[in-house]
Structure formats: C-alpha cells, structure tokens
There are 2 protein chains.
Amino acid sequence: MDVKTLCLGVLSMGDASGYEIKKVFEDSFSHFYVAGFGSIYPALAELTRLGHVTCSNIEQEKRPAKKVYHLTDAGLQAFRQTLSGTHPHHRVRSDFMVLVVFAHLLPPQRVEQILATRLEDIERQLKLIDHCVSENGQSAPGTAFAAGFARTVLLAGRDYIEAQRGELLKALREKS
Amino acid sequence: MDVKTLCLGVLSMGDASGYEIKKVFEDSFSHFYVAGFGSIYPALAELTRLGHVTCSNIEQEKRPAKKVYHLTDAGLQAFRQTLSGTHPHHRVRSDFMVLVVFAHLLPPQRVEQILATRLEDIERQLKLIDHCVSENGQSAPGTAFAAGFARTVLLAGRDYIEAQRGELLKALREKS
DNA sequence: TCGATAATATATCAATTCGATATATATCTT
DNA sequence: AAGATATATATCGAATTGATATATTATCGA
C-alpha cells in the first residue's frame with residue numbers, strides 16, 4: 001500500500017492540507033505507517049493529476065497560505081478498490097533487533113543502553129496511543145481495534161525485554 | 001541501518017554468496033529485516049569497492065558458478081562502528097492495520113477474511129521462528145533473545161485478534 | 001526421455017520512498 | 001531585537017522495492 005493510498009484514506013476523514021495530513025500520520029498512524037513530506041507532497045500532486053483529489057488554495061490570516069485537498073468520488077472509489085485487493089502484510093524493520101542479534105560484538109554497557117533506549121521509545125509510543133485514543137472520542141470501530149492491537153503488542157515487547165534483559169547480559173558477560 | 005550493514009553482519013558469521021545471504025535474510029532475519037536481490041547485489045558491489053569485503057569466483061560442479069564474499073578487517077571494524085552509533089529504531093509498516101482502521105469502508109465478510117489471513121501469516125511466522133531456533137543449536141545469546149522477542153510479540157498479536165475479532169465485527173455490522 | 005517445474009545463481013531497472021535541506025511567514029519568549 | 005518554534009510547501013540525491021531477465025542444473029511425473 002503506497003503513500004497515495006494512505007493520503008486518500010486520511011482525506012476520507014475530511015479535507016486537509018499536506019501539512020495536516022503529515023500530522024495525522026504522526027499522531028494517529030505512526031505505529032503502523034511512517035511517511036514524510038518527501039513522499040506526501042509528490043503523492044498529492046499525482047492524486048490531483050489523476051482526479052482522485054481536488055486542490056484549492058486557501059489564504060489564511062496569521063498563517064502562511066495552504067493548499068487544501070478534497071477527496072473526489074473517483075478517489076473514494078479508487079481507495080475502496082485498493083482496500084479490497086490489498087493483502088494484509090505486516091512487516092517490521094527493526095534496527096533494535098539487528099543490534100540485539102549482534103550484541104556479542106558490542107560492550108555489554110552498550111547493550112544495556114540499547115535495551116533502555118528501546119524501553120523508553122516503547123513508553124513514548126504507549127503514551128501517544130493513549131493520548132490519541134482519549135482525544136478522538138467517537139472514532140470508527142477499526143481505529144479502536146488498531147489502537148488496542150498496537151498497545152497490546154508494545155506491552156508484550158516491553159514485558160519481554162524487562163523479563164529477559166538480565167539473562168541476555170549475563171550470557172554476554174560470560175562469553176567475554 | 002542499510003542493507004550494506006546487514007550484509008556485513010551476515011558475512012561476520014561466515015563467507016557467503018549473494019544468494020546465500022538472501023537465504024539468511026529469509027530464514028533468520030525475516031521478522032525484523034526484509035531485503036531482496038535488488039538491494040543485496042548492489043550493496044555487495046559497493047562493499048567490494050569500499051574494501052569492506054573481498055569477492056572470489058567459485059566454479060561449482062552440478063551448479064552455476066557463484067561469487068563468494070569474505071569480510072575484511074576493515075569491514076568488521078566498519079560494522080562494529082555502525083552498531084555503536086545506531087539508534088535502536090523499531091518501525092512497523094502494516095497494511096493489515098491500515099485495512100483495519102478503514103474497515104468501515106469494507107464489507108464485514110472482507111474484514112473477516114483480512115483477520116483470518118493475518119492469523120495464518122502469524123502462524124507461518126511462528127513456525128519459521130521455531131524451525132530456525134531448533135536448527136541453530138548453539139547460537140549467539142542475542143539471537144535467542146531476538147527469537148524470543150519476535151515470538152512473544154507475534155503471540156500477543158494473535159491472541160488480541162482472536163479475543164477482539166467478534167467485537168470488531170459486531171460493531172461494524174451494527175453501523176451498517 | 002521429454003517437458004515442466006523448482007532450485008541455484010547473478011543482474012538490472014523503473015517506480016517509490018527516505019532523509020535532508022531550502023524557503024517563507026507568523027507567533028512566542030527572553 | 002534576537003532566537004526558537006509552529007505553520008506551510010517543495011525539491012533532490014540516495015536507497016529501497018518489486019518485477020523482470022537470463023542461465024544452469026536437478027527433479028519428477030507422463
């Protein structure tokens with residue numbers, strides 16, 4: 001599923017500028033989809049060209065002007081079509097796990113730091129999910145399911161690290 | 001962490017051809033790092049140019065010839081350096097979760113199919129981990145930790161889906 | 001033994017994505 | 001007045017993805 005499709009998804013919840021779409025990605029989608037301006041702006045240009053969205057320049061007082069995008073009927077149809085034909089892939093790219101796999105090449109102190117940093121990141125993400133859930137009162141059923149899923153998976157990872165970190169460090173110190 | 005670095009990591013476990021490196025990615029790293037030939041072969045060419053690996057053409061009987069790569073001292077040093085300076089990012093790109101978030105735009109039957117497919121994929125990945133653990137008898141401590149981590153997280157996700165699928169489908173049917 | 005399929009092996013390429021950077025306006029703080 | 005932060009759009013080189021091309025050998029059923 002490409003950034004174009006995700007932009008259609010965000011716009012199905014209401015009109016937005018590229019900047020606002022980026023904020024939705026950061027605030028609500030960051031646990032399962034990361035995208036930056038470098039992919040969002042070209043995606044919106046292409047969607048406009050395809051007629052899947054329309055674009056209007058909005059002058060603002062006290063802020064720079066913005067381009068607000070609106071989902072067309074053709075855009076919604078294309079979005080539904082993509083959702084219907086997409087396999088539910090779920091892929092992880094984890095530098096954390098790479099670092100752990102090669103932990104025997106690092107000083108134990110650095111491994112401790114890696115685990116601690118990962119735990120901090122998990123806490124930060126948990127807070128973000130909770131904040132996001134409490135803010136969006138009446139959201140779609142899938143949103144609540146997804147938030148719960150992300151939460152559960154993060155908690156399981158946190159508990160595993162906390163339970164096994166001692167064992168890992170012991171094994172690493174024994175080998176060296 | 002880029003594909004070049006991961007190739008150095010694989011080669012730190014022993015000499016290998018591009019094809020064999022790909023198999024290691026698939027068999028052992030697939031839960032946290034996916035890479036195809038399109039990134040592996042260019043990475044090996046660049047690493048050779050940098051002097052981080054050496055390459056020798058090996059003729060084989062009963063098989064096509066292969067290029068076997070060997071990690072140099074400079075390569076190992078560069079690998080350690082990268083491991084020392086890399087933040088333990090852990091990112092998920094999940095079409096599954098996107099589909100769930102927009103489940104209200106799909107027929108409930110399709111949502112059921114998505115959840116079932118995801119559960120099948122999880123089972124397949126769990127089997128791969130178990131197979132991988134049983135095959136590599138005496139592996140590095142980090143490898144065991146990483147396998148346990150991946151296993152725990154997958155199990156938590158599976159249990160969540162099984163526990164909450166009924167609720168999600170009920171909510172979706174009520175709205176429509 | 002013929003033909004199909006699968007496994008081994010390398011390589012390339014267009015399309016997409018990533019990450020950094022550039023530019024500009026307005027607000028808020030010190 | 002200076003400096004930091006938030007809003008806002010855009011571009012670009014580098015890296016990655018996913019598909020495709022090519023070739024050899026093995027395997028297995030008809």
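To find a chain, count down the sequence lines: A is the first, B the second, and so on, and within it residues start at 1. All values derive from a computational prediction rather than experimental measurement.
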Please report, rounded to the nearest Å, how far the [atom2] atom of [N] is from the [atom1] atom of [X].
{"X": "B/Ile58", "N": "D/dT24", "atom1": "CD1", "atom2": "C1'", "value": "17 Å"}
{"X": "B/Ile21", "N": "C/dT10", "atom1": "CD1", "atom2": "C1'", "value": "13 Å"}
{"X": "B/Ile40", "N": "D/dA15", "atom1": "CD1", "atom2": "C1'", "value": "14 Å"}
{"X": "B/Lys22", "N": "D/dT17", "atom1": "NZ", "atom2": "C1'", "value": "12 Å"}
{"X": "B/Glu20", "N": "C/dT10", "atom1": "CD", "atom2": "C1'", "value": "13 Å"}
{"X": "A/Glu61", "N": "C/dA26", "atom1": "CD", "atom2": "P", "value": "11 Å"}
{"X": "A/Glu26", "N": "D/dA8", "atom1": "CD", "atom2": "P", "value": "14 Å"}
{"X": "B/Phe37", "N": "D/dA15", "atom1": "CZ", "atom2": "C1'", "value": "19 Å"}

Of the listed nucleotides [options], the one nearest the side chain of [X]:
{"X": "A/Lys62", "options": "D/dA26, C/dT27, D/dT7", "answer": "C/dT27"}
{"X": "A/Arg63", "options": "D/dA26, C/dC18, D/dA8", "answer": "D/dA8"}
{"X": "B/Tyr33", "options": "D/dT11, D/dA6, D/dT16", "answer": "D/dT16"}
{"X": "A/Pro64", "options": "C/dT8, D/dA8, C/dT17", "answer": "D/dA8"}
{"X": "A/Lys67", "options": "D/dT11, C/dA9, D/dA10", "answer": "D/dA10"}
{"X": "B/Asp2", "options": "D/dA23, D/dA8, D/dA15", "answer": "D/dA15"}

key: Trace of the side-chain contact (heavy atoms from CB on, under 4.5 Å) decision for B/Val98 with A/Tyr33   = CA-CA 8 Å; B/Val98 175; A/Tyr33 207 98; 4.3 Å; yes

Are OP1 or OP2 of [N] and a side-chain N or O of [X] less than 4.0 angstrom apart?
{"X": "B/Arg93", "N": "C/dC18", "value": "yes"}
{"X": "A/Arg91", "N": "D/dT16", "value": "no"}
{"X": "A/Tyr41", "N": "D/dA10", "value": "no"}
{"X": "B/Tyr19", "N": "C/dT10", "value": "no"}
{"X": "A/Ser17", "N": "D/dT9", "value": "yes"}
{"X": "B/Gln60", "N": "C/dA9", "value": "yes"}

query = Less than 4.0 Å between a side-chain N and a carboxylate O, is that true for A/Lys127 and A/Asp130?
reply =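 No.
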
task = Look at all strands and tell whether B/Ala65 reaches a base, only sugar-phosphate, or nothing, counting heavy atoms closer than 4.0 Å.
result =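 Since only primed, P, OP1 and OP2 atoms lie under 4.0 Å of B/Ala65, the category is sugar-phosphate.
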
task = For A/Gly18, answer base if it contacts any base atom (sugar-phosphate contacts may also be present), sugar-phosphate if it contacts only those atoms, and nothing otherwise; contact means non-hydrogen atoms under 4.0 Å.
result =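 Sugar-phosphate, no base atom in range.
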
query = Does the side chain of B/Gln113 come under 3.5 Å of the side chain of B/Arg110 through a donor N or O and an acceptor N or O?
reply = yes

Determine whether a donor-acceptor pair (N or O, by modelled atom type, separation under 3.5 Å) exists between the side chain of [X] and the backbone of [Y].
{"X": "B/Ser39", "Y": "B/Ala35", "value": "no"}
{"X": "B/Arg151", "Y": "B/Leu126", "value": "no"}
{"X": "A/Glu162", "Y": "A/Asp159", "value": "no"}

ask   = How far does the helix from C/dT1-D/dA30 to C/dT30-D/dA1 bend, going by the axes of its first and last five pairs, to the nearest 10°?
value =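 It comes to 30° between the two terminal axes.
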
ask   = For the residue pair A/Phe32 and A/Phe149, is the inter-centroid distance of their aromatic rings smaller than 6.0 Å?
value = no

query = Would the B/Phe29 and B/Phe25 ring centres measure less than 6.0 Å apart?
reply = yes

Within 45° cone of B/Phe37 ring axis and under 6.0 Å: B/Lys22 NZ or CZ =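 Yes.
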
request  = For A/Lys4 and for A/Gly38, locate the closest nucleotide of DNA chain C by heavy-atom distance; then report the residue assigned to the nucleotide nearer the 5' terminus.
outcome  = A/Lys4

message = Please compare A/Val3 and B/Lys66 by the position of their nearest nucleotide in DNA chain C and report the one closer to 5'.
response =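 Upstream on the strand: B/Lys66.
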
